[in-house]
Amino acid sequence: MGLNTKVLAAAAALILLALAAAFLAFRGGGQDEIVIQGGGSTFAAPQVYEWARGFSSKYPEIKVNYASVGSGSGVAQFLEGTLDFASSDPPLDKSQWSKLEGEVLQMPVLLGAVSIVYNLPGLNEELRLNGETLALIYLGEISYWNDERIARLNPDIDLPEEQIIVVYRSDSSGTTQVFTYYLYKSSGGLWPESLVGKTIDWPVAKTGRGIGGKGNEGVTQVVKNTPYSIGYVELSYALENQLPMALLENREGNFVKPAEETIASAALNALKELPDNPLDDWSPALDSIIYTEGENSYPLTSFTFFIFRTKYSDEKIEAIKLWIEYINTEGQDRMIPGYIPIPKEIASINLKALEIISRG
Amino acid sequence: MAEPRHDKLFYYTLLPFASTSLAIVLLLASILAVNSLPAIERYGLSLLTRNVWSPVELDPEASDYGLLAPLLGTLVTATIATMASIPIAASLVYVSEEVLPARMLRVRSAISILVDVMAGMPTIVYGLWGALVLAPLLLNYVYQPLNKYFGFIPLFACSPYTGLNILTASLLLSIMITPFVFAVVRESYTQIPLSYREASLSLGTTKYEHFRIMLGIIKPSLIAGALLGFGRAASETVAVTLVVGNAFNLPYCLLSPGYTVSALIANQFNNAPLYPYMESVLLFSGAILLLLGLVSNLAGLIMLSRVKARV
């Protein structure tokens, strides 16, 4: 009897102790530290971590936390007030923005590109594709690699007589939105507007030749391991895994590869149609950068936005301003492979935010 | 006689924890039920009978869902997995209990430890192995010949373009649930009284006949193992997501990519709040999974209690 009671008492004491320790650990720690809490885009996450590292070594008293929860959840949490800033691949849409006009600031902080990757064993030349053929492939209407419509773009390549395995994202993703918007805009009406979105009903899935991969890593892995497949992933994944990338036909009819110059060129051309103030409505940004003008512009380019409030509390305001300044100046020189810095013109627009943010 | 005081104390300290787990299950079921109501009201039975997945942000009118492909995918993969795992588990039992002589106790326990380790392995490990090793192997050495020589059977009629399909998911699942089926069957097998064994052997049965008779005695536990395995296979998520192909494609043919309910939830739940009704549709599919698991597990447990009555 005595033993049982003792064991029980000891267990209870241990649990209490653990709870107390957890409570203390949670409350204590970082009293003097200012914490900026951000979250959103999974695509931007590696770059934001890199910035946070650089920022913290410059300003040790400020800590930037970033939760890679997806653009949608990031914006939702920001609007609820739990985050100090959100990161989102698409900007706020028009209806969201008009409700919040004057309360939020949006700024494109980095450029990304979606690359078309493929697995064609034995092929050394670079494949050329355009919006129409890609739309037909993802609609399931082009089913063989040696289809005449692909062959016409690649007269020098001996294309295999094999079925195309079409890989797409099975989860909801900004990458899918950028890709489907590109198909819609560049395919001359072949790709319907109803099939533009973060997660869509892929027509090719019903042919039995479609495979969904979860996340960029999922698509990468499927393409890598499936001969005669094609897929779309963020540029950094294609680079890291050394997957061959297709040249895409841009609006001017040139075939271009995703690279720093071609992506920056798309951003500069899009700039003409974009607002010149972080307070403005940035919702047309996706439309203006995808399949934009410019001899050398890569058509599948996109922005990633940071979203801030116009008012911050006394304790945070200075830290937030330093963070914004850092991202748009030094941060742009600290890009990791696959992430492209924004042109100087955009950075100077973004820095206007420093004048706008006020206490409150 | 009054209970000693500390026993009562013991009882009252443990009561909240014990009842919490029960309460959590009930709460879970009711939350799933309540949250799937909007989807049921909006789409009704057509949620179960159509194959559509076209969510549209901010537009409840245009968003449309039908879960037929993942539902059938779950049933098909779990059924094939179960059917394949029973013979594997039964032969493992035969090897460890009949082939190996009783004095090789260490080898016997090594087998059962090994199988336990298999059961405890993280499912992502199975998934990665399935996607990187099993799928390409099956594609080259099984599916292509299967389609070539047995293509007249509708289940193998579609040409296998990829190893990521319904059949790979089923076979991977069968490997994953075998330890559970094995544990159930072996447990009952070792409980068969010695007198039964001796009776069977004294009739001069061959080894095969003997094993048949022994299995006959514990038949309900085979069924129980199958049902428990089915429950596990139907709810397995991580590994299946990696090998099933994640395509909204009805599983008429086992060699084409498909979907399962749990894979669908894993893929889509993160951003579901962005789309009208999607959360509710996914929770509804979760409720169906829960129901499926509940029924197969209950049936399995009932079967097990029958074995206990027999031996």
Side-chain angles (χ1 to χ4, degrees), chain A residues 1-2 4-5 7-9 11-12 42 69-73 75-76 90 93 95-96 143 162-174 176-177 193-215 218-219 221-222 224-229, chain B residues 4-7 9-10 13-14 51-59 62-66 69 128 131-133 135-136 139 158-165 238 241-253 255-259 263-264 266-275 278:
Chain A
M1 149 217 123
N4 272 342
T5 337
V7 169
L8 205 71
T42 46
V69 290
S71 298
S73 331
V75 171
D93 64 55
S95 66
Q96 269 176 323
S143 47
E162 295 280 351
Q163 301 241 30
I164 308 176
I165 313 298
V166 184
V167 191
Y168 49 83
R169 288 283 290 267
S170 58
D171 53 337
S172 172
S173 150
T176 301
Q177 180 161 26
E193 195 177 2
S194 61
L195 289 181
V196 174
K198 294 195 188 70
T199 171
I200 66 155
D201 210 359
W202 294 99
V204 70
K206 267 119 193 156
T207 65
R209 287 185 294 107
I211 296 181
K214 189 168 187 297
V219 173
Q221 184 250 336
V222 173
K224 240 178 144 171
N225 293 301
T226 313
Y228 308 110
S229 61
Chain B
R5 246 191 65 200
H6 64 263
D7 265 10
L9 182 72
F10 184 60
T13 28
L14 291 191
N51 175 23
V52 207
W53 193 263
S54 53
V56 182
E57 252 174 296
L58 308 168
D59 190 352
S63 291
D64 197 8
Y65 308 95
L128 289 175
L132 298 175
V133 181
L139 176 64
C158 51
S159 13
Y161 309 117
T162 155
L164 305 179
N165 59 30
V238 181
T241 308
L242 285 169
V243 296
V244 77
N246 301 319
F248 282 93
N249 186 25
L250 297 176
Y252 295 130
C253 170
L255 303 183
S256 60
Y259 230 137
L264 175 70
N267 273 314
Q268 298 277 344
F269 200 74
N270 263 0
N271 278 315
L274 298 178
Y275 299 94
M278 192 194 278

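Numbered from 1 within each chain, the chains take letters A, B, ... in sequence-line order.
A/Tyr228 does not touch chain B: none of its heavy atoms, backbone or side chain, sits under 4.5 Å away. Looking at A/Lys198, both its backbone and its side chain come within 4.5 Å of chain B, counting heavy atoms on both sides. B/Tyr275 touches chain A through its side chain: at least one heavy atom from C-beta onward sits under 4.5 Å away, while N, CA, C and O do not. Proximity to chain B is limited to the side chain of A/Gln221, based on heavy atoms less than 4.5 angstrom apart. The part of A/Thr226 that comes within reach of chain B is its side chain, from C-beta onward, which places non-hydrogen atoms under 4.5 angstrom from that chain. Proximity to chain A is absent for every atom of B/Pro136, based on heavy atoms less than 4.5 angstrom apart. For chain A, the nearby parts of B/Ala131 are the backbone and the side chain; heavy atoms of each come within less than 4.5 Å.
To the nearest 0.5 angstrom, B/Leu164 atom CG is 10.0 Å from A/Ser229 atom OG. Residue B/Phe248 holds its CZ atom at 9.0 Å from OG of A/Ser170, rounded to the nearest 0.5 Å. We find the CD1-OG1 distance between A/Ile165 and B/Thr162 to be 6.0 Å, quoted to the nearest 0.5 Å.
Note on B/Leu132, B/Val244, B/Leu242, B/Thr241: by heavy-atom pairs under 4.5 Å with chain A, the leading option is B/Leu132. Considering only heavy-atom pairs separated by less than 4.5 Å from chain A, the leading option among B/Gly258, B/Ser256, B/Ala263, B/Gly245 is B/Gly245. Looking only at heavy-atom pairs under 4.5 Å with chain A, the residue among B/Asn246, B/Leu139, B/Asp64 that has the most is B/Asn246. For chain B, the option among A/Thr199, A/Ile164, A/Val69 with the highest count of heavy-atom pairs below 4.5 Å is A/Thr199.
A 4.5 Å side-chain heavy-atom check between B/Tyr161 and A/Ile211 finds every atom pair outside the cut-off. Side-chain contact between A/Lys206 and B/Asn51: present, with at least one pair of heavy atoms (C-beta onward) separated by less than 4.5 Å.
Looking at every heavy atom in both residues, B/Ala247 comes nearest to A/Gly210 through CB-O, 3.4 Å. Across all non-hydrogen atoms, the minimal contact from B/Asn249 to A/Gly208 is ND2-CA, 3.5 Å.
Side-chain N or O atoms of A/Asp201 include one that pairs as donor or acceptor with a backbone N or O of B/Trp53 at under 3.5 Å.
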